[in-house]
J.: 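My questions all concern the structure below.
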Amino acid sequence: TAARRGPGRPRLDIPMSRIIEAVRRTGKVMTAASELGCSDAYIHVRFRRYGLKLQQVLEAPDIETVMAAASEGDHDG
């Protein structure tokens, strides 16, 4: 879902859980980005904002573990 904020591209507002699910399912940021309709940079920036690393997302036993780690990260931005 995109929210308009004046001229330019609409802001993407993809839930973090959807991003994590897509990356875990595909195993690749580029493939997940294509599925979600965003750039790979968008995913990397969101991971960084939530204090997550790609390896951490891929190696966690389940999405709940990743989301718990993300909830402790910095969400500003």
J.: Quick one: do M30 and L58 end up in the same hydrophobic cluster if we chain Ile, Leu, Val, Met, Phe, Trp and Tyr together by side-chain heavy atoms under 4.5 Å apart?
T.: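 Result: no, two separate clusters.
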
J.: Please name the pair of heavy atoms, one in I19 and one in Y42, separated by the smallest distance, quoted to 0.1 Å.
T.: CD1-CE2, 3.9 Å

J.: Hey, could you give me the CZ/CD distance between F47 and Q55, rounded to the nearest 0.5 Å?
T.: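 Going from the CZ atom of F47 to the CD atom of Q55 covers 12.0 Å.
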
J.: Backbone N or O of A60 within a donor-acceptor pair of the R24 side chain at under 3.5 Å?
T.: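 Flag set: sc R24 to bb A60 pair under 3.5 Å.
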
J.: L12, V23: one ILVMFWY side-chain cluster at the under-4.5 Å cut-off?
T.: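 Yes, because L12 and V23 connect within a single hydrophobic cluster, where side-chain heavy atoms sit under 4.5 Å apart.
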
J.: Test V57 against every option in I63, V66, I43 by the side chain to side chain contact (heavy atoms under 4.5 Å, CB included) rule and name the one that passes.
T.: V66

J.: To the nearest 0.5 Å, what is the distance between CD on E21 and CG on L36?
T.: 9.5 Å

J.: For E35 and A22, which heavy atoms make the closest approach, and how far apart are they?
T.: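 Between these two residues, the closest heavy atoms are OE1-CB, 4.3 Å.
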
J.: How many angstroms lie between CD in E64 and CG in D62, if you round to the nearest 0.5 Å?
T.: 4.5 Å

J.: Take L52 and I20 through the side chain to side chain contact (heavy atoms under 4.5 Å, CB included) test and state the conclusion after the steps.
T.: CA-CA 10 Å; L52 296 172; I20 292 169; 4.1 Å; yes

J.: Over all heavy atoms of both residues, which pair between A69 and Q56 is shortest? Give the atoms and the distance, please.
T.: CB-NE2, 3.4 Å

